[in-house]
Amino acid sequence: MTTHFGRTELPPAQASALRRAIRFEWYTLIFLAIAITLVFLVMGSSQAMKAAWIEDLLSLAPPIAFLVAVRIVNKRPTEKYPYGFHRSVGVAHLVAGVALFAMGAFLIVDSISGLITAEHPPIGTMVLLGHPVWLGWLMMIVMALTIPLPIYFGRVKMRLARELHDKVLYADADMNKADWMTAVGSIVGVAGIGIGLWWADAAAALFIAASIVWDGMKNLRAAITDLMDTRATTFDDGEPHPVSQQIDDYLRDLPWVEEAGSRVRDQGHVFHVESFVVPRLGESPTVRQLMEARDGCIELDWKVEDIVLVPIDELPEEVGGARDTRQSERNE
């Protein structure tokens with residue numbers, strides 16, 4: 001058996017992407033601080049505006065979680081933490097998911113109660129430059145101003161999340177999408193009140209809350225499964241990550257290997273790999289052959305951070321080996 005332990009540094013391209021991601025998360029926090037203040041000043045008694053304000057507060061969670069995680073992730077492994085600190089990304093992902101789901105559920109209950117009790121939220125006026133102005137116009141202007149930047153931030157972060165294999169950054173990009181959709185929903189709700197549709201405000205708040213809950217559920221499910229060592233997936237959890245198949249194909253092409261199968265678990269930005277190899281009949285791999293095979297696997301993808309190669313006589317079932325015949329006999 002041969003192992004490779006613990007690169008903590010990222011390759012140059014990914015290190016550059018990480019620095020850019022950190023900058024954009026700071027830009028996001030500055031933007032959110034301004035948006036939260038403006039929305040609070042004009043939200044009045046509108047449920048949709050209140051939901052939008054709370055959604056903006058929740059939007060702080062993913063960038064803060066990301067910035068905390070990247071401070072920890074590159075620490076070198078220790079005796080107490082032999083696998084390193086890459087899982088801090090997964091913990092941050094879980095924190096963001098819990099925050100989104102909990103507050104979204106609260107807003108759904110609050111919005112439904114408003115519809116049931118038929119609350120008619122009043123939107124008053126304020127004096128601006130000596131003239132009375134309906135507060136709804138200010139609400140809609142403020143929400144319109146919060147639309148362009150989240151669209152831009154979300155697109156940039158999505159590209160960086162793909163490059164870094166960072167699910168917290170992906171969750172934040174998803175949250176930016178929810179931000180501008182929330183702003184649009186708030187504008188519709190306030191405009192509905194303006195034309196006499198009292199229920200439009202609560203309905204818009206319910207739409208916003210449902211969007212928050214959906215984002216929370218997606219991120220909770222992804223974070224929990226990653227922490228439970230499900231097989232590694234792409235950054236958006238859309239499909240199994242191709243690196244597992246690439247490693248198996250590479251090992252099978254080695255002249256001394258009959259069969260190979262790998263278990264790949266997501267540690268955050270990087271993967272921990274256990275590859276089982278069945279030598280050809282009469283072959284007994286040397287230490288040099290195992291080391292060369294290990295190095296070849298590492299060169300396939302920068303995310304292969306820790307890898308263990310295990311020569312074995314038969315592949316385990318979970319990596320493609322045959323089902324245990326004794327178990328089959330018992331089942332019969």
Side-chain angles (χ1 to χ4, degrees), residues 1-22 25-26 60-100 160-172 219-237 240-241 243-244 247 261-276 290-291 293-295 297-310 316 318-319:
M1 179 175 69
T2 183
T3 62
H4 171 78
F5 294 114
R7 286 200 311 263
T8 55
E9 69 280 0
L10 295 174
Q14 281 69 35
S16 175
L18 182 60
R19 288 192 295 270
R20 192 174 184 216
I22 291 171
E25 293 295 40
W26 281 112
L60 293 169
I64 290 174
F66 175 84
L67 291 171
V68 171
V70 296
R71 297 281 295 180
I72 300 171
V73 70
N74 284 334
K75 287 185 175 182
R76 298 197 68 81
T78 65
E79 186 176 350
K80 186 176 182 180
Y81 296 98
Y83 289 99
F85 295 85
H86 290 285
R87 277 285 172 88
S88 60
V89 176
V91 174
H93 195 191
L94 181 63
V95 169
V98 170
L100 289 171
L160 294 172
R162 181 181 292 108
E163 189 170 352
L164 289 167
H165 185 74
D166 194 304
K167 296 184 179 182
V168 181
L169 198 57
Y170 172 74
D172 193 21
N219 287 289
L220 262 179
R221 182 172 62 247
I224 290 172
T225 54
D226 281 347
L227 291 174
M228 289 181 64
D229 288 336
T230 185
R231 68 177 174 178
T233 59
T234 52
F235 77 103
D236 58 356
D237 293 300
H241 199 283
V243 73
S244 179
I247 290 173
S262 300
R263 296 190 300 203
V264 181
R265 55 183 173 182
D266 196 327
Q267 294 288 98
H269 291 140
V270 297
F271 297 149
H272 177 262
V273 183
E274 295 172 316
S275 291
F276 300 90
L290 289 170
M291 291 176 64
R294 176 204 67 187
D295 293 342
C297 292
I298 293 168
E299 292 300 320
L300 292 174
D301 196 300
W302 67 269
K303 291 183 288 296
V304 182
E305 193 236 9
D306 278 356
I307 183 167
V308 178
L309 285 183
V310 185
E318 62 269 20
V319 296

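None of the values given here were measured: they were computed from a predicted structure.
Closest approach of S262 and I247 over heavy atoms only: OG-CG2, 3.6 Å. Closest approach of E163 to A13, counting heavy atoms only: OE2-O, 3.6 Å. Of all heavy-atom pairs spanning A92 and V168, the tightest one is CB-CG2, 4.0 Å. The nearest pair of heavy atoms linking P240 to R231 is CG-NH2, 3.2 Å. For the residue pair L309 and A293, the shortest heavy atom distance occurs at CD1-CB, 3.7 Å. Closest approach of V273 and S275 over heavy atoms only: CG1-OG, 3.5 Å.
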- request: Give the C-alpha distance, both sets of side-chain angles, the deciding distance and a yes or no for side-chain contact (heavy atoms from CB on, under 4.5 Å) between D166 and F66.
  value: CA-CA 9 Å; D166 194 304; F66 175 84; 3.2 Å; yes
- request: Check step by step if side-chain contact (heavy atoms from CB on, under 4.5 Å) holds for R263 and F276.
  value: CA-CA 8 Å; R263 296 190 300 203; F276 300 90; 3.8 Å; yes
field: Audit row: D237, R221, side-chain contact (heavy atoms from CB on, under 4.5 Å) steps and yes/no
entry: CA-CA 10 Å; D237 293 300; R221 182 172 62 247; over 6 Å; no
task: Please test F235 against L169 for side-chain contact (heavy atoms from CB on, under 4.5 Å), starting from the C-alpha separation and ending with a verdict.
output: CA-CA 9 Å; F235 77 103; L169 198 57; over 6 Å; no
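Among V243, V270, D266, the one residue that satisfies the side chain to side chain contact (heavy atoms under 4.5 Å, CB included) test with H165 is D266. Put simply, the residue from T234, T233, N219 that forms a side chain to side chain donor-acceptor pair (under 3.5 Å) with K167 is T233.
Interatomic distance, D172 CG to L60 CG, rounded to the nearest 0.5 Å: 10.0 Å. One finds the CG atom of L160 at 10.0 Å from the CZ atom of R162 (value rounded to the nearest 0.5 Å). Separation of atoms CD (E299) and CZ (R294) is listed at 10.5 Å; rounding is to 0.5 Å.
Side-chain atoms of L220 and L94, non-hydrogen and from C-beta on, do get closer than 4.5 Å to each other. V264 is not listed as a side-chain neighbour of H241, based on a closest heavy-atom distance of 4.5 Å or more.
In terms of the salt bridge (Lys or Arg N to Asp or Glu O under 4.0 Å) criterion, residue partners of D229 (sequence neighbours excluded) are, by chain and number, R87, R265.
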